[in-house]
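Please read these numbers as outputs of a predicted model, since none were measured by experiment.
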Amino acid sequence: MTSETNKQSMAEDFKSRIRAVKTTRWIRFAVVMLVFLLWVVWMRSWWLLIFALLLFDIYITGYIPFTWWKKSKSPVTRTVMSWVDAIVYALVLVYFVFAFVGQNYQIPSSSLEKTLLTGDYLWVNKMVYGPRVPMTPVHFPLVHNKIFGINSYLDHPSNEYRRLKGLRNIEEGDIVVFNFPAGDTVAAKYEETPMYYDLLVDQYGWNEVNTNKAQFGEIIYRPVDRRQNFVKRCVGLPGQRLKISNDTMYIDGQARPFPENVQYNYIFTTTRPLTSDDFYDLGITESDVFVYEPMSAARQNLQPFLSASQPGSYAYMAPLTQQMIADMKDAGTMSDLVKFSRVAPLFGMDLTSFVFPFGANSNWTLSNYGGENGLYIPKKGDTIKLDKAAWDTYQRCIRNYEGHKAFYNSAEGKVYIDGKAADSYTFAMDYYFMMGDNRDNSQDSRFWGFVPEDHVVGTPMIVLASFDRDRGLFDGKIRWNRILRSANPDKK
């Protein structure tokens, strides 16, 4: 009899709670539930429906006392908990927006100038290509990989790579935000520098980098979605062959036009010394400028390449667009110029020693890249023949990105994958080739190779704000003309 009575009282309590809910509360619940169900369908993870019961209790029945503090007699408790409630709600909302819709991103370097400028703040849309299901779901939403000097995420639990349905695939010419592929293993003291782990090992040796903690710090592994964010232009798609000849890019043998704002490093002479205002008017970042004093030995060594200029004239090295060159010539400021790559050997610079794949193609440079037939960009499902050259080019794809235990046995001239000799390999993911528009000042795929599909974050849509680091607050610090402009004006 007691059991029957309890059941009746529970049923009556449930009905009374339902009757007490106001119409506006039902409407709010219906809207939230609709959004939740659409999200579950998008995720294609039906087990998430269990959380519908939690939403029903939060909005309708109220069995779990989430708002207990509202009935507290202590005004301090009510005030503090109201703030905690608002902050938690905001963090949860931000988490879902940043994970599945988009997020802001700051341009930290000049690799995409003049399309995107250092100091631009972008809105990156993750829905265009489809957002990734968070691989490290437990993380603080407002920071990337560190907070107060410690990791801002937990390694476990973790998810396998899966991307939700997007509006379209990556297209040639898209500007793409992605996680730095070579940032899987990092030396803690070099994480914020261009010297990534592979370069450190190549320069100092594996043993030195991994044992000398005083110089290099701890060696850390970063999950895919916690690696540093980069932004570049996609110039090569899966299955294509890419070749660069005298700076002109060829895809599958067809020449591609230069982006409107593409720039290269030039050494140029002027009819008078340039001022800070000159650089500002031309759109040249002063930190990117190197000055050759008129009577210096370096300036004298440059004279044979700048024969149209006076021997005692000022010379500068800076990244320039064709429009900048035309403006200086029209103003009578520029007297001569030469592309830096032509004179680099004069300064003892070997332009072939640092391009990807390391040591495999000794004659490739940033301006002449990919060999006679072009560099093949891996496509999911495509199979390649494995020889020494292929191993040098695709070993990181096989080992680091697709997770196989693999090595090249030089004595046998064979590749071993997961303990078995292999003469071919079939790719499990699509890959992309990314480059900056500031072609001679961009750490991109020409240095560290392909970008796997699971590293793609999204595409920047608009410039939210823009700040010039070389100007004062009342001297052009805010670039008003860039606010709410397209982040990729070359895409029509």
Side-chain angles (χ1 to χ4, degrees), residues 129 132 135 158-163 169-170 172 176 178-185 196-199 201-202 206 221-225 227 232 234-244 250-253 355-364 369-435 444-456:
Y129 308 136
R132 294 175 301 190
M135 300 177 188
S158 61
N159 294 318
E160 294 291 329
Y161 164 66
R162 185 161 67 89
R163 189 175 296 277
N169 295 325
I170 296 176
E172 220 180 290
V176 180
F178 55 91
N179 297 114
F180 180 37
D184 47 2
T185 304
Y196 53 93
Y197 178 78
D198 287 352
L199 284 183
V201 169
D202 184 64
W206 185 93
Y221 174 80
R222 294 283 186 208
V224 170
D225 56 347
R227 296 168 191 173
K232 308 288 179 188
C234 177
V235 297
L237 299 175
Q240 294 181 332
R241 285 190 172 273
L242 177 142
K243 175 182 178 180
I244 304 173
Y250 296 83
I251 299 295
D252 293 334
V355 296
F356 169 86
F358 303 120
N361 301 282
S362 59
N363 61 338
W364 292 12
Y369 187 89
E372 183 178 351
N373 298 319
L375 176 67
Y376 169 74
I377 305 169
K379 181 180 181 180
K380 182 178 180 179
D382 278 3
T383 300
I384 60 168
K385 181 181 178 182
L386 282 179
D387 52 21
K388 182 61 167 63
W391 172 253
D392 288 338
T393 303
Y394 303 107
Q395 59 169 306
R396 176 167 269 276
C397 299
I398 298 170
R399 293 186 296 106
N400 297 62
Y401 308 145
E402 302 194 357
H404 295 284
K405 294 181 179 179
F407 66 93
Y408 179 77
N409 188 316
S410 56
E412 298 179 14
K414 292 182 179 180
V415 174
Y416 282 81
I417 300 178
D418 297 328
K420 298 179 180 179
D423 58 8
S424 65
Y425 181 77
T426 301
F427 294 101
M429 285 194 292
D430 285 331
Y431 292 81
Y432 302 88
F433 202 91
M434 307 286 186
M435 287 175 56
D444 53 39
S445 287
R446 293 170 296 174
F447 291 87
W448 35 255
F450 311 106
V451 175
E453 62 174 87
D454 66 345
H455 284 58
V456 172

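Residues passing the side-chain hydrogen bond (donor to acceptor under 3.5 Å, both in side chains) test with Tyr376 are Asp382, sequence neighbours excluded. Applying the side chain to side chain contact (heavy atoms under 4.5 Å, CB included) criterion to Arg162, with sequence neighbours excluded, gives Met43, Arg44, Ser45, Val133, Leu164. When the salt bridge (charged side-chain N to carboxylate O under 4.0 Å, His left out) test is applied to Arg227, no partner is found at least two apart in sequence or on another chain. For Asp454, the salt bridge (charged side-chain N to carboxylate O under 4.0 Å, His left out) criterion is met by no residue, not counting sequence neighbours. For Arg163, the side-chain hydrogen bond (donor to acceptor under 3.5 Å, both in side chains) partners are Tyr161, not counting sequence neighbours. Applying the ring-ring contact (aromatic ring centres under 6.0 Å, His included) criterion to Tyr431, with sequence neighbours excluded, gives no partner residue. Legend: residues meeting ring-ring contact (aromatic ring centres under 6.0 Å, His included) with Tyr369, ordered by chain and number and at least two apart, are Trp364, Phe433. Lys414 pairs by the salt bridge (charged side-chain N to carboxylate O under 4.0 Å, His left out) definition with nothing, not counting sequence neighbours. Qualifying ring-ring contact (aromatic ring centres under 6.0 Å, His included) partners for Phe407, counting only residues two or more places apart in sequence or in other chains: Tyr416. When the side chain to side chain contact (heavy atoms under 4.5 Å, CB included) test is applied to Ile170, the partners found at least two apart in sequence or on another chain are Tyr129, Asp174, Val176, Cys234, Leu237, Tyr432, Val456. Scanning for salt bridge (charged side-chain N to carboxylate O under 4.0 Å, His left out) contacts around Arg446 gives Asp444, with sequence neighbours left out.
Across His455 and Val451, no two heavy atoms sit closer than the pair CB-CG1, 4.2 Å. Considering every non-hydrogen atom in both Ile251 and Val235, the closest pair reads CD1-O, 3.3 Å. In terms of heavy-atom proximity, Leu386 sits nearest to Ala390 at CA-CB, 4.2 Å.
In this structure, Phe356 CZ and Arg396 CZ are separated by 9.0 Å, a value rounded to the nearest 0.5 Å. Here CH2 of Trp391 is found 7.0 Å from CD1 of Ile417. Values are rounded to the nearest 0.5 Å. The CD atom of Glu453 lies 6.0 Å from the NZ atom of Lys380; values are rounded to the nearest 0.5 Å. Here Glu160 contributes atom CD and Ser158 contributes atom OG; the two are 7.0 Å apart, rounded to the nearest 0.5 Å. Between atom NZ of residue Lys243 and atom CG of residue Asn373 there is a gap of 8.0 Å, rounded to the nearest 0.5 Å. A distance of 5.5 Å separates CD1 in Ile398 from CD1 in Ile384, rounded to the nearest 0.5 Å.
Annotation: side chain of Ile244 is in contact with side chain of Met435 (closest heavy-atom distance under 4.5 Å). Looking at Lys379 and Phe427, their side chains never come closer than 4.5 Å, going by heavy atoms from C-beta outward. Residues Pro452 and Met429 are in side-chain contact: their nearest non-hydrogen atoms beyond the backbone lie under 4.5 Å apart. No side-chain heavy atom of Phe447 sits under 4.5 Å from any side-chain heavy atom of Asp198.
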- Query: Given the rule in the side chain to side chain contact (heavy atoms under 4.5 Å, CB included) test, do Asn179 and Arg132 qualify, once you have shown the distances and angles that lead to the verdict?
  - Reply: CA-CA 12 Å; Asn179 297 114; Arg132 294 175 301 190; 2.8 Å; yes
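Taking a 6.0 Å sphere around CG of Asn169, one finds it holds 12 or fewer heavy atoms contributed by other residues, nucleotides or ligands.
Counting only residues at least two apart or on different chains, the side-chain hydrogen bond (donor to acceptor under 3.5 Å, both in side chains) pairs with a member in residues 418-430 are Thr383-Thr426, Glu402-Tyr425, His404-Asp418, His404-Tyr425.
Partner of Phe450 under the ring-ring contact (aromatic ring centres under 6.0 Å, His included) criterion, out of Tyr401, Tyr394, Phe178: Tyr394 alone.
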